[in-house]
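None of these values were measured; they are calculated from a predicted model. Heavy atoms only: backbone and side chains are in, while hydrogens, waters and symmetry mates are out.
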Number of protein chains: 2
Amino acid sequence: MTAVTLGIDVGGTNTKIGFVDRHGKCLVSTHIPTGADEPFDNFLKNVFATVDDLKSKAGEIDMVAVGIGAPNANYYNGKIEKAVNLKGWGEEVAIADLMQDHFKVPVAITNDANAAALGEMKFGVAQGMKNFIVVTLGTGLGSGIIVNGDLLYGHDGFAGELGHINVVEDGRICGCGRRGCLETYVSATGIKRTMFELLADNNGNSLLSGKTFEQLTAKDIFDAAEDGDALAKEAFDVTGEILGKALADTIAIFSPEAIVLFGGLASAGEYITEPTRAAMEENCLSLFKGKTRLVVSNLEGDNTAILGSSALAWQEYEKLQKA
Amino acid sequence: MTAVTLGIDVGGTNTKIGFVDRHGKCLVSTHIPTGADEPFDNFLKNVFATVDDLKSKAGEIDMVAVGIGAPNANYYNGKIEKAVNLKGWGEEVAIADLMQDHFKVPVAITNDANAAALGEMKFGVAQGMKNFIVVTLGTGLGSGIIVNGDLLYGHDGFAGELGHINVVEDGRICGCGRRGCLETYVSATGIKRTMFELLADNNGNSLLSGKTFEQLTAKDIFDAAEDGDALAKEAFDVTGEILGKALADTIAIFSPEAIVLFGGLASAGEYITEPTRAAMEENCLSLFKGKTRLVVSNLEGDNTAILGSSALAWQEYEKLQKA
C-alpha cells in the first residue's frame, strides 16, 4: 500500500484531481468541469464518482488526507466564501466538512496561491526554506507567504493579497473596485493592458498591431518578443519594473530567503525575471540588497496545481501525526 | 522570591534598565548614558554595575532572563550589527553572549519596535491576539509584526522595515539613501517636514511660522493644533492619510486583528488616529473592510521600553520552560 493524498484544484472552469505520494509523484490524475453555475451538490457528486474511478486505476493506495485549492477558500473554517467565479455555489459552501464526511480522512482547504507555496516548499524550488514568498502570475496576481515554515493566514484566513497593494496612485481600474492595484499591471491581464498602452503611445509600431484586446494574450506578447518585437519586450520591461519595485517593499517587510515566480507569465523566463530582478535590487533597502533570491518555479506540467493541494494535505497529515 | 526579568532598552543617548515581574509591574528601574561614541566595554561595565545596584534595591528577586531592545539587533545571532547611532561600538557587538556569560541566564535581543510588539502582546492592548502589527512613530517609523503569536523575523532576523516601503514615487529624501519611504512622511520628523511644506504653500499662515526647522517638534505641531491652528491640523491630516493608505496595503498582506500605534506621534490621539482610520478604511480591499482595529498603545510612562524588552525575556524564558 502506497500512502497518498488526494489533491483537488478547483478552478473557475475545470477542477483537477489526482493522487500524489510523499515524494510528489502524481500517480493518477484527471479533470472534470467545475460547473460553477450549477448547484454545489452536483460538483460534490461528480468529485466523489471521479475519485472512485481514480482509485480503481491507482493500484494499492492508502489515501491519508485530502487537500483542496480553491478561490476564496478559508483555511480556518473549511469554507469557500463569496467566490465570484463560483456563482451557482451561493454565499458559502462547507466544502471541507462535506468532503471529510464522505472520505473519512482529514480535509484542508486554502486558496490556490497558498497551495502553490506549500507545493514549492514540499516538492519544488523552496525545499528546505522556512521564509519565502510565492507570487502567482495568472489572470490576476496571487501570493502565498511562508513565515517560519508555515503559511501566513492572518486572523481571518485571508492574508496574502499582494495583488491588491497599491502601486500607482489613481492608476488602472481593478476588478476589486479600486485603482492602481499591483495585479492591474503585473499579471497576464496586466501585461496585455501595458501592451495596449504601448501600442497607443507608439502608434501601433509592433507585430501585435493586428490583435484586438479580446484576442491578445500574454503568450502572444512573449512570442512577439521572441520574434524581436521591441514593444513586446518593452511590455515585459515595464511589467518587471513595477513587480521588482513592489518586491523590494515586500522584502523590507518580510526579509524572505527567496521569492518564487509561478504561473503563465513566469514561464516567459528572462523577459520577466531580468527587469524584475534589476528593479528589485535597485529599490531594495541596502540592508537587504543581494540577500533575497528571485527564482522561477520548477514545478511544471498539468499536475502542478494538484501537487500544491496535495502538499497542503501532506502538511495537515503530518501535523496530526505529530499531535 | 519574585521571579523577574531584566529589561534593557538601548537608545542612541540613554539606556533604560529595570526589573519586571510576570504581570508587567516594573519593580525598579533607572537609566544610564549609552556612551555611543565610547568603546562597547565601557557600556557593558556600566550595565553590570547598574544591575548590581538595582538588585540591592529590588528586594527578594530571582532574575530568570534578560531581554534587550536595541537598534539593528539581530535576534538570531544575538549581535547588534552596523548600528549607525552606536558608532563607538564598531561593526558588531555580541551583546547577548557577553551578557549571558555575566548573568548566567538566557539573554535575547531584538530591535525596539519588535520589543514594543511583544510588550503589547504580553502586557498591553494586544493581550490575547496572535496576529497584529505595532507601528512605532518616533524619529523614524518602525514596525513589529506578530504572526501566529510570534515575531516575524524573516530569514536573517531583519524583517519588519515598514518604515522603508515606498509610498511616494521620487518622494522625500530618506536617511536610507532612497526617496519616498513611508517614514519620511509618517514619523515625528515626517510631520515636521509636512508642516514646513504647508508653511511654504500657505505663505506661513500659522502659529508655527516663527519656528526654525531645527526648533520645530511634533509636540509643537500638536500644541498648535490644540490651539486651533488650521495648518497644524492639516499636517496631521496629511500624515494620517499617508499612513492609512500604507496600512490598507499592510492589511491586504497580513490581515491582522489590530494595528497598534505606539510612540510620540501616537500620543496626539484623534488628530492622528481619525485621518489614519478614515484613509485605512477607504483604501482597504472590501474583503478586509471593518475587520482590522486601529488602536493606540495603552502602555505609558517612562518604563514602556523596559516592558517591551522584558516581554522578550519572558517569551524566551517560557519557550525554554516548554522545551
K.L.:
Could you pull out every donor-acceptor pair under 3.5 Å between chain A and chain B?
P.N.:
unit_1	atom_1	unit_2	atom_2	d
A:H155	N	B:S255	O	2.8
A:H155	ND1	B:S255	O	3.0
A:H155	ND1	B:P256	O	3.4
A:D156	OD1	B:S255	OG	2.4
A:D156	OD2	B:S255	OG	3.3
A:D156	OD2	B:K291	NZ	2.7
A:G160	N	B:A252	O	3.4
A:G160	N	B:I253	O	2.8
A:E161	N	B:A252	O	2.8
A:N166	N	B:D249	OD1	3.0
A:N166	N	B:D249	OD2	3.2
A:E169	OE2	B:K245	NZ	2.7
A:R178	NH1	B:N283	O	2.3
A:K245	NZ	B:E169	OE2	2.7
A:D249	OD1	B:N166	N	3.0
A:D249	OD2	B:N166	N	3.3
A:A252	O	B:G160	N	3.4
A:A252	O	B:E161	N	2.8
A:I253	O	B:G160	N	2.8
A:S255	O	B:H155	N	2.8
A:S255	O	B:H155	ND1	3.0
A:S255	OG	B:D156	OD1	2.4
A:S255	OG	B:D156	OD2	3.3
A:P256	O	B:H155	ND1	3.4
A:N283	O	B:R178	NH1	2.4
A:K291	NZ	B:D156	OD2	2.7

K.L.:
Given that the side chain runs from C-beta out, which part of B:F288 has a heavy atom under 4.5 Å from chain A: side chain, backbone, both or neither?
P.N.:
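Contact with chain A involves the side chain of B:F288 alone.
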K.L.:
Restricting to side-chain contact (heavy atoms from CB on, under 4.5 Å), what partner residues turn up for B:A266, sequence neighbours left out?
P.N.:
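Only B:L261, B:V296 meet the side-chain contact (heavy atoms from CB on, under 4.5 Å) criterion with B:A266.
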K.L.:
Given a strict heavy-atom distance threshold of 4.5 Å, which part of A:I133 is in contact with chain B: side chain, backbone, both, or neither?
P.N.:
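Neither part, no heavy atoms under 4.5 Å.
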K.L.:
Between A:G157, A:C181, A:P256, A:G177, who has the most heavy-atom pairs with chain B when the cutoff is under 4.5 Å?
P.N.:
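The residue among A:G157, A:C181, A:P256, A:G177 with the greatest pair count is A:P256.
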K.L.:
Suppose we screen for ring-ring contact (aromatic ring centres under 6.0 Å, His included). Which residues come up paired with A:F262, at least two apart in sequence or across chains?
P.N.:
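Checked A:F262 against ring-ring contact (aromatic ring centres under 6.0 Å, His included); zero matches.
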K.L.:
Applying ring-ring contact (aromatic ring centres under 6.0 Å, His included), name anything that partners B:F123, two or more places apart in sequence or on another chain.
P.N.:
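By the ring-ring contact (aromatic ring centres under 6.0 Å, His included) rule, B:F123 matches no residue at all.
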K.L.:
Please report the shortest heavy-atom distance between A:I253 and B:L152, naming the atom on each side.
P.N.:
O-CD2, 3.6 Å
K.L.:
With a 4.5 angstrom heavy-atom cut-off, could you sort out which part of A:L182 is near chain B: side chain, backbone, both or neither?
P.N.:
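No part of it gets close to chain B.
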